[in-house]
There are 2 protein chains.
Amino acid sequence: MSSDNLETRSRILNATWKLLEVDQGHGVRMSDIAKQAGISRQAVYLHFPTRSELLIATTRYLDDIKGIDERLALSRETAGGVDRLDAFIDAWGNYIPEIYGIARALLAMKDTDQAADLAWNDRMQAVRHGCVAAINAANNDGSLARDLPVKQATDILWTLLSVRNWEQLTQECGQSQAQYIETIKRTAHRTLLDDRARPAS
Amino acid sequence: MSSDNLETRSRILNATWKLLEVDQGHGVRMSDIAKQAGISRQAVYLHFPTRSELLIATTRYLDDIKGIDERLALSRETAGGVDRLDAFIDAWGNYIPEIYGIARALLAMKDTDQAADLAWNDRMQAVRHGCVAAINAANNDGSLARDLPVKQATDILWTLLSVRNWEQLTQECGQSQAQYIETIKRTAHRTLLDDRARPAS
DNA sequence: CTTTCACTTGACACCGTGTCAATTGACATG
DNA sequence: CATGTCAATTGACACGGTGTCAAGTGAAAG
């Protein structure tokens with residue numbers, strides 16, 4: 001029956017999610033996932049052709065459950081270039097920890113797996129589009145730094161908001177999530193915004 | 001004879017270096033390295049116990065040949081907080097492309113290999129020390145932004161200068177090396193320096 | 001002439017992914 | 001009740017890459 005089918009599928013996705021969350025994307029094997037889902041290793045392959053497809057599906061599954069598209073879309077509705085930039089940083093920057101485990105697993109596969117590479121790049125291009133929109137909004141109301149080309153501003157914002165930077169600031173530097181957001185906002189404000197548009201910080 | 005011994009050892013290191021440089025740290029196997037060095041795969045293990053030890057040794061070897069310690073030390077001698085910050089960004093930022101291949105290979109092993117993880121972290125702590133010194137210098141001559149704690153300034157500079165950020169800006173964003181340096185300097189200046197100390201940009 | 005030592009050859013164990021074939025057991029339909 | 005379908009199981013196996021082991025080669029040094 002297809003509802004059984006669906007149920008097993010989401011049991012697998014949930015198992016993957018949970019395991020990746022627990023050990024932050026470290027060495028989760030197909031057999032671990034199967035065990036966690038309470039099925040045989042081979043059964044996993046009945047639903048997902050390869051490990052990388054499973055990880056990709058888990059990413060989409062999480063995006064869906066967490067409603068990241070809506071959250072990002074919402075941030076776009078904020079009026080005023082500066083506030084909108086902040087809203088975007090909040091939306092994406094606070095999403096990262098929620099998907100860090102799966103992101104790490106996918107990042108690790110990028111090197112060797114074609115499909116994982118494409119899926120991750122896709123994901124990141126979506127974030128970049130958000131950056132473009134935020135930078136354009138700032139540019140339109142004159143709050144973007146005068147001498148800064150839009151392309152370069154986008155590059156900077158996009159790079160600031162990378163998962164790797166979140167990882168470094170929180171895991172290596174020991175910053176709390178709130179401090180991380182603070183750090184990114186400060187850097188974005190001072191680097192990207194015109195002095196007159198910049199809130200004190 | 002021990003000079004043969006040494007010669008073979010450096011043939012291996014050179015082979016590793018060359019291969020990692022060519023394919024930017026992608027899937028270089030022990031057998032590839034052996035072939036490139038003109039010896040058998042097993043002979044490599046006579047000189048290096050594991051793949052990760054070989055990569056680590058290659059890193060040190062490169063650091064040595066390229067004289068990165070001297071380059072970083074030299075940047076410390078630049079007088080004036082702002083110029084010194086720039087000198088440090090030049091020194092490290094221009095070194096990254098020279099070691100990108102090996103860095104990538106090591107980064108990929110970090111996830112699964114204890115020794116690689118330690119070696120890489122060590123390396124990055126050395127860079128962090130350079131960041132601390134640069135930030136302190138700026139702080140001492142009053143060019144550091146007034147409201148910015150030294151620790152946070154260090155976190156930001158260190159994160160800006162990560163290999164991952166170089167990778168993203170040059171490989172993903174398509175910036176040239178010169179543009180990359182420009183981007184990092186701009187971001188560092190505007191984020192870390194006091195408005196009055198900041199050169200126009 | 002013999003010892004030593006770097007290196008070679010070839011076999012093998014281990015791990016994790018992915019494949020295949022035969023089997024089981026539940027449920028649906030004639 | 002008999003039959004077919006379908007998800008899932010079990011167990012075996014191939015592959016690729018790392019690392020190990022044992023026996024053998026060949027050249028230089030005493």
Side-chain angles (χ1 to χ4, degrees), chain A residues 1-16 19-20 23 25-58 101-102 104-117 119, chain B residues 1-16 19-20 23 25-58 101-102 104-117 119:
Chain A
M1 196 182 267
S2 74
S3 86
D4 278 359
N5 201 321
L6 269 183
E7 200 193 294
T8 301
R9 192 187 146 90
S10 34
R11 276 234 305 285
I12 296 172
L13 290 169
N14 277 316
T16 308
L19 287 178
L20 288 172
D23 59 16
H26 270 291
V28 172
R29 288 158 302 188
M30 293 300 266
S31 52
D32 298 327
I33 292 167
K35 189 184 294 178
Q36 174 74 23
I39 59 176
S40 68
R41 185 174 73 92
Q42 283 65 13
V44 178
Y45 287 101
L46 294 177
H47 295 268
F48 304 93
T50 63
R51 185 177 128 93
S52 87
E53 290 299 330
L54 170 55
L55 293 182
I56 292 166
T58 305
I102 178 74
R104 240 190 109 130
L106 221 40
L107 278 165
M109 291 211 77
K110 242 175 89 79
D111 280 350
T112 51
D113 188 281
Q114 165 82 341
D117 187 48
Chain B
M1 194 181 267
S2 75
S3 87
D4 278 1
N5 200 321
L6 268 182
E7 200 193 294
T8 302
R9 192 188 146 91
S10 35
R11 278 235 305 286
I12 296 172
L13 291 169
N14 276 317
T16 309
L19 288 178
L20 287 173
D23 59 17
H26 269 292
V28 172
R29 288 158 301 187
M30 294 301 266
S31 52
D32 298 328
I33 292 167
K35 188 184 294 176
Q36 174 74 23
I39 59 177
S40 69
R41 185 174 73 90
Q42 283 64 13
V44 178
Y45 286 102
L46 294 178
H47 295 267
F48 304 93
T50 63
R51 186 178 128 93
S52 86
E53 291 298 331
L54 170 54
L55 293 182
I56 292 165
T58 305
I102 178 74
R104 238 188 111 131
L106 221 41
L107 276 166
M109 291 211 78
K110 243 173 88 78
D111 280 350
T112 50
D113 188 282
Q114 165 83 339
D117 187 48

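In what follows, chains are A, B, ... by sequence order, proteins preceding strands, each numbered from 1.
Counting any heavy atom pair closer than 4.0 Å across all strands shown, A/Ile39 reaches sugar-phosphate atoms only and no base atom.
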Please write out each protein N/O paired with an N/O of nucleotides 19-24 of chain C under 3.5 Å, distance rounded to 0.1 Å.
{"from": "C/dT19", "atom 1": "O4", "to": "A/Gln42", "atom 2": "NE2", "distance (Å)": "3.4"}

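Every residue two or more places apart in sequence or in another chain that forms a side chain to side chain contact (heavy atoms under 4.5 Å, CB included) with A/Ala105 is listed here: A/Leu20, A/Leu55. Considering only residues two or more places apart in sequence or on other chains, B/Asp23 meets the salt bridge (Lys or Arg N to Asp or Glu O under 4.0 Å) condition with none of them. Taking B/Arg11 as the reference, B/Glu7 meet the salt bridge (Lys or Arg N to Asp or Glu O under 4.0 Å) condition, with sequence neighbours excluded.
In terms of heavy-atom proximity, A/Asp113 sits nearest to A/Ser52 at OD1-OG, 3.1 Å. Between B/Lys110 and B/Ala116 the shortest heavy-atom distance is N-CB, 4.1 Å. Across all their heavy atoms, B/His47 and B/Thr8 have their closest contact at NE2-CG2, 3.6 Å.
Contacts between residues 25-35 of chain A and DNA chain C, counted as heavy-atom distances below 4.0 Å, involve A/Arg29, A/Met30.
Separating the CG atom of B/Leu46 from the C1' atom of D/dC21 is a distance of 12 Å, rounded to the nearest angstrom. When the C1' atom of C/dG16 is taken as reference, atom CG of A/Asp113 falls 14 Å away, rounded to whole Å. Remark: C1' of C/dT17 and CZ of A/Phe48 are 16 Å apart, rounded to the nearest angstrom. Separating the CZ atom of A/Arg51 from the C1' atom of C/dG18 is a distance of 13 Å, rounded to the nearest angstrom.
In this structure, the side chains of B/Ile12 and B/Ile39 come closer than 4.5 Å at one or more pairs of heavy atoms.
For residues 32-43 of chain A, the pairs satisfying salt bridge (Lys or Arg N to Asp or Glu O under 4.0 Å) are A/Arg29-A/Asp32, with sequence neighbours left out.
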